[in-house]
Q: 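Below is a structure I'd like to ask you about.
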Amino acid sequence: MLFFSVDLLATAGDVTLSWTSPIYPQIYSNDSSINPLGRPITEDEDAWIGSLLTIGAVVGPYPFSFIAETFGRKIGLLCIALPHIISYISMAVATNVYMLYVGRILGGIAMGAGYSLLPMYIAEITQDFNRGSLSQTMNVFWALGTFIPYAIGPFLSVFTFNLILALIPATFFIIFLLVGPESPYYLVSKNKICEAEKSLMKLRSTNKQLVQKELEHIRANLKKPQEMSGFCAISFYLQPIFETAGTGISPEISALAVGFSLVLTSFFTPLLIDRMGRKILTICSCFGMTLALTMLGAFFYIQDSTNIDIKPLFWIPIFSLMFYIFSYNLGIGCIPWTLCSELFPSNVKHISSTAVSSTCWLTSFLVTKFFNDMNNAMGKAVDLLATAGDVTLSWTSPVLPKLTSNDTSENPLGRSITEEEDAWIASLVTIGAMIGPYVAGFIAGHFGRKIGLLSLAIPHIVSLLTMAFATNIFSILLWSAFGGIAAGGGYMLLPMYIAEIAHDSDRGMLSQTLNVFWAFGNFIPYAIGPYLSIMWFNIVLACIPTAFFVLFLLFGPETPYYLVSVNKTKEATNSLKVLRSLNDEDVQKELEHIRENFKNQDSGRFSRCNKK
């Protein structure tokens, strides 16, 4: 009941994000029985209704973080419900646009505060072994909040719709007021030890004696000091970007050059990561990406908004994107995944990696889904400056030009796709990728990393073969999402697998080999896609996961970390012999090192195994 009530507040927050979808058609209407404002809103008012939410969200974390720190997490969360309730009620009875403005600002303040306090509260009331999984329940209820307006909004009046939405934070307020405990971390920080004991006893359903160890753990932790990007947008729309740039260089050749630079530059990071360190490479990567996108944005601004002849500047789009790719590969494209596999203890690694990967793909979806809308609304200079670096999927780059063609010999759908279908083809990959980590994490945690990786090859193969013979848009949309599940699962599980089979001394470098092959995967569509039919292009791509499945099934060992975690010591010994070519004595030393890490993981300490 406690976590259900907390997650209701998450739902109330994300309802505000999609609230406009069913409301806009009603307040644009000339029908006064539908539109409570008595007149259609203007485009400028439309923009303010949408953007005032984000202005409120920027402000929200500050006052409510102060409340949470001064008066407690429980009071802070209860206070967040109030602007939510007032927001929905004010919009329910709104008779002019200014009341909608007020409601949107209040909703944004509450939403921003919720995104700040909810993860903090859940992290402070959960235990180490279940913190990741319980934190993920927020993702489910955030998604539910986004879905609700789509599900009920079109069928209700503005008044009824908003009243129903107000019930969500109101229900949270009542339940959480009655059953919600204060965070034991907050109580210990304020030296309220007796109250902290009572809170822990309520949360853990145990007695005073058994919570003493956790209290000491909290005290020790309190003594310790304590990304939006979007490489998807560039990768998915690389050829259209060059077509729009009108540089005189073939879009296919330009995309091929950028793809090749992606492969070439991916070799730098494995050589530099252990010499220069993660931090320096990441900083350099961010700076380089900013500079590259500024150049590209300036080019489109000159092209779209001035009368300056751009012919002498024909080199800027391809140069800036190649420099962007280089900077991306240097750090942001790969180091976060390495850190994810290095920072978390083994018993929660599949859960924590799931959270990181899911967040990455969520931001990718937002950028990719609205890429065309941003182009139309703001111009290319602005939206390209908003992109920065996420994932490496380029299947759409050579395929979308064919699907937008009216040539039936090239387009298997028999008609040109719409801009909306274009956006969904690209973005459904990332929707699938948000789901993939959960599936892969569950399989890897329960059946082993090897089974998990083998299971990812299947949706890859099925999705590519299905799209090879697709004759309607729905098949492509469905199997784009299916392929995204495999891609998202791979981004989570592959770094984990390599981290668990590699030795401490070479883990960083070996992890970066993934980046080389991710880059190579990006390059292949640019290299062959423009010259093959959609059918043969997908059949060729399907050979890659098929080859992996056969080879890994025959030669891939299970990770010794997983085998030790499930007490299969004999199998772990055999796995290490295959991986290291060590004698029995050295194998036993590394097994002890693995066991020591498992013993230390509750305190977050890790030992290192010195390599002879």
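Heavy-atom basis, side chains included; hydrogens, waters and symmetry copies ignored.
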Q: Once you round to the nearest 0.5 Å, how far does NZ of Lys202 lie from NZ of Lys198?
A: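 Rounded to the nearest 0.5 Å, the NZ-NZ separation comes to 12.0 Å.
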Q: State, to 0.1 Å, how close Pro83 and Phe64 come at their nearest heavy-atom pair, and which atoms those are.
A: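 In this case the closest contact between Pro83 and Phe64 is CG-CZ, 4.0 Å.
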Q: Indicate yes or no: at least one non-hydrogen side-chain atom of Pro36 is less than 4.5 angstrom from one of Phe159.
A: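 When only atoms from C-beta onward are counted, Phe159 and Pro36 do not touch, as no gap falls below 4.5 Å.
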Q: Quick one: does Ser90's side chain have a donor or acceptor within less than 3.5 Å of a partner on Ser87's backbone?
A: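 It does hold such a pair.
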Q: Is it true that a side-chain atom of Ser199 and a backbone atom of Glu195 form a donor plus acceptor pair closer than 3.5 Å?
A: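 Answer holds: no.
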Q: Is a side-chain N or O of Arg73 found less than 3.5 angstrom from the main chain of Ser183, in a donor-acceptor match?
A: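 Not confirmed, Arg73 side chain does not pair with Ser183 backbone.
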Q: Taking atom NE2 of His84 and atom CG of Leu8, what is their separation to the nearest 0.5 Å?
A: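 Here the rounded value is 11.0 Å.
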Q: Phe172 vs Leu77, test: side-chain contact (heavy atoms from CB on, under 4.5 Å). Steps then yes/no.
A: CA-CA 10 Å; Phe172 157 79; Leu77 290 173; 4.0 Å; yes
Q: Decide side-chain contact (heavy atoms from CB on, under 4.5 Å) for Ile168 and Leu9; before the verdict, give the C-alpha distance in whole Å, the side-chain angles of both, and the deciding distance to 0.1 Å.
A: CA-CA 7 Å; Ile168 301 173; Leu9 188 59; over 6 Å; no
Q: Excluding sequence neighbours, so at least two apart, what forms side-chain hydrogen bond (donor to acceptor under 3.5 Å, both in side chains) with Glu182?
A: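 Partners of Glu182 by the side-chain hydrogen bond (donor to acceptor under 3.5 Å, both in side chains) criterion come out as none, since no residue qualifies.
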Q: Quick one: closest heavy-atom pair of Leu493 and Gly452, and the distance?
A: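 The pair with the smallest heavy-atom distance is CD2-C, 3.6 Å.
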Q: Could you tell me which non-hydrogen atom of Pro149 sits nearest to which non-hydrogen atom of Pro154, and how far apart they are?
A: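 Heavy atoms only, the tightest pair is O-CD, 3.5 Å.
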Q: Within a strict 4.5 Å, meaning less than it, do heavy atoms of the Pro184 and Leu215 side chains meet?
A: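 A side-chain contact is absent here, since even the closest heavy-atom pair is not under 4.5 Å.
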Q: Contact between Ile125 and Tyr185 at the side-chain level, heavy atoms closer than 4.5 Å - yes or no?
A: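 Heavy-atom side-chain distance check fails, nothing below 4.5 Å.
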Q: Which distance, rounded to the nearest 0.5 Å, do you find between the CD of Gln26 and the CD1 of Ile41?
A: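 Interatomic distance, Gln26 CD to Ile41 CD1, rounded to 0.5 Å: 11.5 Å.
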Q: List for me each residue that meets side-chain hydrogen bond (donor to acceptor under 3.5 Å, both in side chains) alongside Ser29, sequence neighbours excluded, and say none if there are none.
A: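 Scan of Ser29 (side-chain hydrogen bond (donor to acceptor under 3.5 Å, both in side chains), adjacent residues dropped) gives none.
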Q: Minimum heavy-atom separation for Arg39 to Asn35, with atom names?
A: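 In terms of heavy atoms, the two residues are closest at O-ND2, 2.7 Å.
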Q: Please assess Ile23 against Phe161 for the test side-chain contact (heavy atoms from CB on, under 4.5 Å), listing each intermediate value before the final yes or no.
A: CA-CA 9 Å; Ile23 291 295; Phe161 175 55; 3.6 Å; yes
Q: To the nearest 0.5 Å, tell me how far Ile485 CD1 sits from Ile431 CD1.
A: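 Those atoms lie 10.5 Å apart.
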Q: Return a table of donor-acceptor pairs under 3.5 angstrom between the side chains of residues 95-113 and protein atoms on other chains or two or more places apart.
A:
unit_1 : atom_1 : unit_2 : atom_2 : d
Asn96  : OD1    : Tyr98  : N      : 3.0
Asn96  : OD1    : Met99  : N      : 3.1
Arg104 : NE     : Ile49  : O      : 2.9
Arg104 : NH1    : Thr16  : O      : 2.9

Q: Would you say the side chain of Trp19 lies within less than 4.5 Å of the side chain of Met91, judging by non-hydrogen atoms?
A: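 The answer is yes; the side chains approach within 4.5 Å.
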Q: How about Pro22 and Phe155: do any of their side-chain heavy atoms sit closer than 4.5 Å?
A: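 Not touching, per the 4.5 Å side-chain cut-off.
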Q: Could you give the distance from OH (Tyr186) to NZ (Lys74), rounded to the nearest 0.5 Å?
A: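 Reported to 0.5 Å precision, the distance equals 13.0 Å.
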Q: Quick one: does Leu456's side chain get under 4.5 Å of Leu494's, heavy atoms only?
A: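 Contact flag for Leu456/Leu494 side chains = no.
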Q: Once you round to the nearest 0.5 Å, how far does OH of Tyr88 lie from CG of Asn162?
A: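 Tyr88 OH to Asn162 CG: 8.0 Å, rounded to 0.5 Å.
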Q: Determine the minimum heavy-atom distance between Ile67 and Cys79, stating which atoms define it.
A: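 Closest heavy-atom pair between Ile67 and Cys79: CG2-SG, 4.4 Å.
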Q: Looking at Leu167, is its backbone amide N or carbonyl O close enough to the side chain of Thr171 to form a donor-acceptor pair, meaning the two atoms are under 3.5 Å apart?
A: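 Checked: pair present.
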Q: Considering only heavy atoms from C-beta outward, does the side chain of Glu197 approach that of Lys192 to under 4.5 Å?
A: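 They are not in side-chain contact.
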Q: Would a 4.5 Å heavy-atom cut-off, applied to side chains only, mark Ile27 and Pro40 as touching?
A: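 With C-beta onward as the side chain, the pair stays apart.
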Q: Quick one, Tyr121 with Phe176, criterion ring-ring contact (aromatic ring centres under 6.0 Å, His included). Give me CA distance, side-chain angles, the key distance, then yes/no.
A: CA-CA 12 Å; Tyr121 180 77; Phe176 192 67; 5.5 Å; yes
Q: Compare every heavy atom of Phe447 with every heavy atom of Phe442, then report the nearest pair and how far apart it is.
A: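 Shortest heavy-atom separation between Phe442 and Phe447 comes out as CE2-CE1, 4.3 Å.
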